[in-house]
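Step one of this worksheet: look at the structure below.
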Amino acid sequence: MLYTLHELAYQSAAPMRLGAQMMREFWSSPFNPASQTAMGRTAYASAELFESVTRRYGKPDWNLDVVNVDGHPVRTVQEVVWSSPWCRLIRFTRNETDLKRAGKPVKAPAVMIVAPLSGHYATLLRGTVETFLQDFDVHVTDWTNARQVPMLEGRFDFFDYMDHVRAMLGQIGPRAHVVAVCQPGPPVLAAAALMAEDEDPARPASMIHMGSPIDARLSPTVTNQLAEEKPFAWFRSNMIHTTPLPYPGAGRRVYPGFVQLYSFMSMNEERHMDAHRRYFEHLVDGDGDSIQKHQEFYDEYLSVLDLSEEFYLQTIDIVFQSHLLPRGLLKHGDRLVRPEAITDIGLMTVEGENDDISGVGQTQAAHGLCPNIPDDQRLLYVQPQVGHYGVFNGRRFRDEIYTRARDFIAANEDRVVRKTAPRARRKAGD
């Protein structure tokens with residue numbers, strides 16, 4: 001009933017939101033002589049704040065039609081190159097003429113950025129995608145809101161996630177590079193292990209894990225402790241709810257986005273309250289830059305999606321309670337996942353010194369699970385003075401983390417090219 005009550009509360013507040021919108025327009029109108037008075041600015045700020053905290057935030061746009069490459073504007077076009085009811089693989093195709101003008105090669109290594117399926121839309125990685133577009137042919141996973149998937153489409157669980165990663169790498173083609181941001185770390189590593197064992201030609205040339213809970217037992221954070229302290233049945237009873245009408249997925253059991261959002265915000269409740277108090281003050285003062293920064297952040301932060309029941313509960317069990325991957329007990333069907341089978345996939349791990357979601361040590365645990373990767377194909381990096389978000393976005397990501405990731409991918413791309421070139425020449429001679 002919680003989901004239904006939530007929808008009822010949202011719809012019931014519609015008249016008040018409409019009134020706030022009308023009030024906002026009235027007190028911001030240039031034809032209103034009182035609009036620039038203290039009373040007028042306060043009334044406008046009150047209406048704007050009420051409307052912003054009660055409206056529903058839809059899926060944000062990527063807003064990457066033009067990216068900056070070495071000081072040159074390069075146009076991009078989004079193309080869906082693979083899809084299922086649960087995910088779309090989006091390729092950002094860069095304009096060839098613009099690339100030549102920027103002095104960049106038209107052909108570039110393919111990189112698949114696996115966005116987290118943990119509450120926010122893939123657009124949370126907008127800055128990550130924009131940065132990688134400087135040097136690579138970028139693909140990104142765009143996961144679907146579970147409430148939009150009809151019941152007839154069936155289930156989607158942790159192992160389906162692994163299969164999706166494998167299928168999308170197959171779509172991109174041989175030896176692409178994969179970047180797993182946060183939550184995808186364990187299923188991406190598991191998928192790579194299966195592909196390596198099968199000698200799948202589409203196995204990645206390298207994988208980069210950023211702030212991922214590969215082994216959540218190490219340096220446990222508040223999030224990890226909550227997942228371990230609560231019994232599994234508690235998550236099923238308290239976090240899972242039924243999608244109501246009129247959504248296409250009506251009847252599907254999900255971990256709702258609004259429940260996730262409350263969990264996110266309750267961890268830093270005072271900080272969010274202070275941010276909105278300052279937002280109100282900036283609205284009164286007319287501080288446009290500060291207003292825009294607040295709106296840009298919360299337009300993204302408050303946009304959340306639902307997760308399927310089976311995926312969420314299996315993630316809690318496999319990653320945060322049973323720790324099956326680091327214990328060597330994870331099975332896909334009847335098949336044991338063996339990370340030690342990985343021998344020719346480069347491995348880079350990135351952690352943030354102040355990460356309060358995936359503590360230092362959790363991501364770099366991947367190196368211990370993959371003992372047969374040569375040392376010259378590894379890189380373990382801990383970024384000083386950044387938290388979880390700073391691992392994949394922001395100034396330090398662009399200036400310090402990305403440059404290392406770029407060079408790591410380039411080195412592994414060269415390695416693959418050197419190995420495949422003699423084979424191609426022999427084939428041509430035949």
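Annotation: D289, atom CG; neighbour count of heavy atoms from other residues, nucleotides and ligands within 6.0 Å does not exceed 12. For E153, the CD atom counts as densely surrounded, since its 6.0 Å shell holds more than 12 non-hydrogen atoms of other residues, nucleotides or ligands. No more than 12 heavy atoms of other residues, nucleotides or ligands sit less than 6.0 Å from atom CZ of R75. For M265, the CE atom is densely surrounded, since the number of other residues' heavy atoms within 6.0 Å is greater than 12.
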Could you walk me through whether M112 and H177 pass side-chain contact (heavy atoms from CB on, under 4.5 Å), step by step? CA-CA 6 Å; M112 184 174 88; H177 305 266; over 6 Å; no
Criterion side chain to side chain donor-acceptor pair (under 3.5 Å) on E400 and Q383, from CA distance to verdict: CA-CA 8 Å; E400 301 180 51; Q383 175 63 47; 3.0 Å; yes
Please assess Q377 against R415 for the test side-chain contact (heavy atoms from CB on, under 4.5 Å), listing each intermediate value before the final yes or no. CA-CA 9 Å; Q377 295 176 34; R415 172 180 57 82; 3.3 Å; yes
I would like to know whether Y121 and D142 meet side chain to side chain donor-acceptor pair (under 3.5 Å); could you show each step before the answer? CA-CA 7 Å; Y121 288 97; D142 186 24; over 6 Å; no
Walk me through it: do V254 and L307 pass the test side-chain contact (heavy atoms from CB on, under 4.5 Å)? CA-CA 5 Å; V254 298; L307 277 59; over 6 Å; no
Going through the distances and angles, do R203 and I342 end up as a side-chain contact (heavy atoms from CB on, under 4.5 Å)? CA-CA 10 Å; R203 67 189 183 277; I342 300 175; over 6 Å; no
Evaluate D306 against H241 for side chain to side chain donor-acceptor pair (under 3.5 Å), listing each step before the verdict. CA-CA 10 Å; D306 299 350; H241 302 278; over 6 Å; no
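Atom OG of S219 sits about 6.5 Å away from atom CD of Q362, to the nearest 0.5 Å. Here the straight-line distance linking atom CZ of F320 with atom CZ of R217 works out to 13.5 Å at 0.5 Å rounding. Here CZ of R253 is found 9.0 Å from CG of L313. Values are rounded to the nearest 0.5 Å. Atom CD of E340 and atom CG of N372 lie 7.5 Å apart (nearest 0.5 Å). To the nearest 0.5 angstrom, R155 atom CZ is 12.5 Å from F311 atom CZ.
Below 30°, between 30° and 60°, or above 60°: for F297 and Y301 the angle between ring planes is below 30°, a parallel geometry. Ring-plane geometry between F397 and Y402 is classed as tilted, the angle between the planes lying from 30 to 60 degrees on a 0 to 90 degree scale. Ring planes of Y161 and W143: parallel class, angle under 30° (limits at 30 and 60°).
Under a 3.5 Å cut-off, the side chain of D287 and the backbone N or O of L283 do not form any donor-acceptor pair. For R175 (side chain) and P204 (main-chain N/O), a donor-acceptor pair under 3.5 Å exists by modelled atom type. Within the 3.5 Å criterion, the main-chain N or O of L117 finds a donor-acceptor partner in the side chain of Q183. Checking side-chain atoms of T37 against main-chain N and O of A34 turns up a donor-acceptor pair under 3.5 Å. Judged by distance alone, the side chain of Q364 and the main-chain N or O of T349 form no donor-acceptor pair under 3.5 Å. At least one donor-acceptor pair under 3.5 Å links the side chain of S212 to the backbone N or O of C182. Proximity of a side-chain donor or acceptor of E309 to a complementary backbone N or O of I240 within less than 3.5 Å is not detected.
Judged by the 6.0 Å and 45° rule, R17 forms a cation-pi pair with Y10.
Using a 3.5 Å distance cut-off with no hydrogens or angles, the side chains of S303 and H120 do not pair a donor with an acceptor. In this model, a donor atom of one side chain and an acceptor atom of the other lie less than 3.5 Å apart for Q292 and E296. Side chain to side chain, R91 and Q78 fail the donor-acceptor criterion of an N or O pair below 3.5 Å.
Of all non-hydrogen atoms in V382 and G352, the two that sit nearest each other are CG1-C, 4.5 Å. In terms of heavy-atom proximity, A196 sits nearest to A341 at CB-O, 3.8 Å. Contact between S12 and P15 at its shortest, heavy atoms only, is O-CD, 3.2 Å.
Taking a cutoff of 4.0 Å between a charged side-chain nitrogen and a carboxylate oxygen, R126 and E130 do not qualify as a salt bridge.
Applying the ring pair (Phe, Tyr, Trp, His ring centres under 6.0 Å) test to residues at least two apart or on different chains, the pairs with a partner in residues 44-99 are W62-F92, W82-H164, W86-F156.
A side chain to side chain donor-acceptor pair (under 3.5 Å) with Y247 is found for exactly one of Q148, R252, E7, namely E7.
Aromatic ring centres of H294 and Y298 lie closer together than 6.0 Å.
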